[in-house]
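Within every chain, numbering begins at 1; the chains are lettered A, B, ... in the order of the sequence lines, protein sequences first and strands thereafter.
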Number of protein chains: 2
Amino acid sequence: MNEFGSYFRKRREERRQSDRRFSLRQVATRAGIEPSYLSKVERGEEAPPSERTICALAEDLGEDPDLLLALGGKVSRDLQLAILRRPQLFAQLIRELNDLPDHAVLRLVREVRDGAW
Amino acid sequence: MNEFGSYFRKRREERRQSDRRFSLRQVATRAGIEPSYLSKVERGEEAPPSERTICALAEDLGEDPDLLLALGGKVSRDLQLAILRRPQLFAQLIRELNDLPDHAVLRLVREVRDGAW
DNA sequence: ACAAATGTGTAGTGTGTACTACACACAACA
DNA sequence: TGTTGTGTGTAGTACACACTACACATTTGT
């Protein structure tokens with residue numbers, strides 16, 4: 001039920017194939033946490049870390065923070081702040097997009113990005 | 001710096017003009033919290049309550065939960081879950097919409113609602 | 001063979017969140 | 001005038017979050 005740990009471990013060990021610096025201990029140290037803690041997190045014995053720590057881990061591994069945060073069940077604070085600025089507007093939009101299939105949302109994202117607005 | 005309390009108090013006292021049942025005590029009791037706690041929340045001496053309690057208060061007062069949650073600095077869990085299902089897509093969309101003015105976002109919301117997708 | 005590095009087990013900690021319980025003084029109301 | 005209701009002050013609590021500290025056995029590198 002906690003995908004964060006297993007996903008992160010898998011990714012870390014992949015990178016480790018080609019670079020010894022991606023041992024659990026070294027990654028933990030660079031991210032500023034205790035190795036024993038990361039060990040428990042990777043095995044799902046502990047819940048996913050804080051946003052701050054997840055981002056540090058993501059950067060070290062070269063992973064997408066948004067994806068890793070999502071696996072940890074968290075929405076990054078900056079996205080939350082964007083929503084909080086216009087709560088009703090975003091609430092309505094997100095709830096409606098939730099019923100649409102991926103390709104529709106993707107198309108929408110592209111159109112917004114391409115400045116059709 | 002905490003708008004939740006003052007806004008809620010204002011709203012509650014407005015409703016109280018025409019209905020004595022909207023005293024602090026009665027609202028608190030119906031929402032399932034202690035009056036002294038609501039008193040502190042309204043005066044900003046305590047941080048805004050949990051999502052659960054905010055929603056109970058919103059329903060009692062007939063306020064929009066999303067707005068009240070936003071004033072409390074929170075994004076409702078169901079919105080978060082919608083985002084977590086497609087984290088990268090939503091992250092990109094929200095960040096881009098954040099730079100656009102209200103009317104542009106509003107227009108987008110309307111088009112999605114009207115099923116142009 | 002020996003030192004260095006690795007992953008993990010146990011135990012404990014500080015901080016924040018979200019409240020409760022109870023007492024008090026004051027006001028309205030009947 | 002007494003009871004009922006009102007807002008507020010003080011004190012305290014249960015629980016979860018996000019870790020740390022350190023020891024240990026095992027594995028790896030030279």
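The CD atom of A/E46 lies 10.5 Å from the OG atom of A/S39; values are rounded to the nearest 0.5 Å. Rounding to the nearest 0.5 Å gives a distance of 9.5 Å between CD of B/Q26 and CG of B/D60. One finds the CG atom of B/L24 at 9.0 Å from the OG atom of B/S36 (value rounded to the nearest 0.5 Å).
Taking 4.0 Å as the cutoff to heavy atoms of chain A, we find the contact window on DNA chain C bounded by C/dT6 to C/dA11.
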Report task. List the steps and the verdict of salt bridge (charged side-chain N to carboxylate O under 4.0 Å, His left out) for B/D102 and A/R85. Result -> CA-CA 10 Å; B/D102 274 28; A/R85 286 177 55 196; over 6 Å; no

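For the pair A/R16 and D/dT28, the criterion of a side-chain N or O lying under 4.0 Å from OP1 or OP2 is not met.
The environment of B/E59 atom CD is sparse: at most 12 non-hydrogen atoms of other residues, nucleotides or ligands sit within 6.0 angstrom. Annotation: B/R95, atom CZ; neighbour count of heavy atoms from other residues, nucleotides and ligands within 6.0 Å is above 12.
Each of B/V109, B/I83, B/L89, B/V112 was checked for a side-chain contact (heavy atoms from CB on, under 4.5 Å) with A/L97, and the lone residue meeting it is B/V112. When each of A/E42, A/E3, A/E63 is paired with A/R11, the salt bridge (Lys or Arg N to Asp or Glu O under 4.0 Å) condition holds for A/E63 and for no other.
The residue among B/R20 and A/R20 whose nearest nucleotide of DNA chain D lies closer to the 5′ end is B/R20.
Residues B/V27 and B/F8 approach most closely at CG1-CZ, 4.2 Å, considering heavy atoms. Between B/F22 and B/R16, the shortest heavy-atom distance links the atoms O-CG, 3.6 Å.
Looking at residues 44-63 of chain A, you'll see A/E45 sit with a heavy atom under 4.0 Å from some atom of DNA chain C. DNA chain C is contacted by A/R25, A/Q26, A/P35, A/S36, A/S39 of residues 25-39 of chain A, taking any non-hydrogen atom closer than 4.0 Å.
Atom C1' of nucleotide D/dG7 and atom NZ of B/K40 are separated by 12 Å, given to the nearest angstrom.
Among the protein residues, A/R9 comes within range of the sugar-phosphate backbone only, with heavy atoms under 4.0 Å from sugar or phosphate atoms but none that close to a base.
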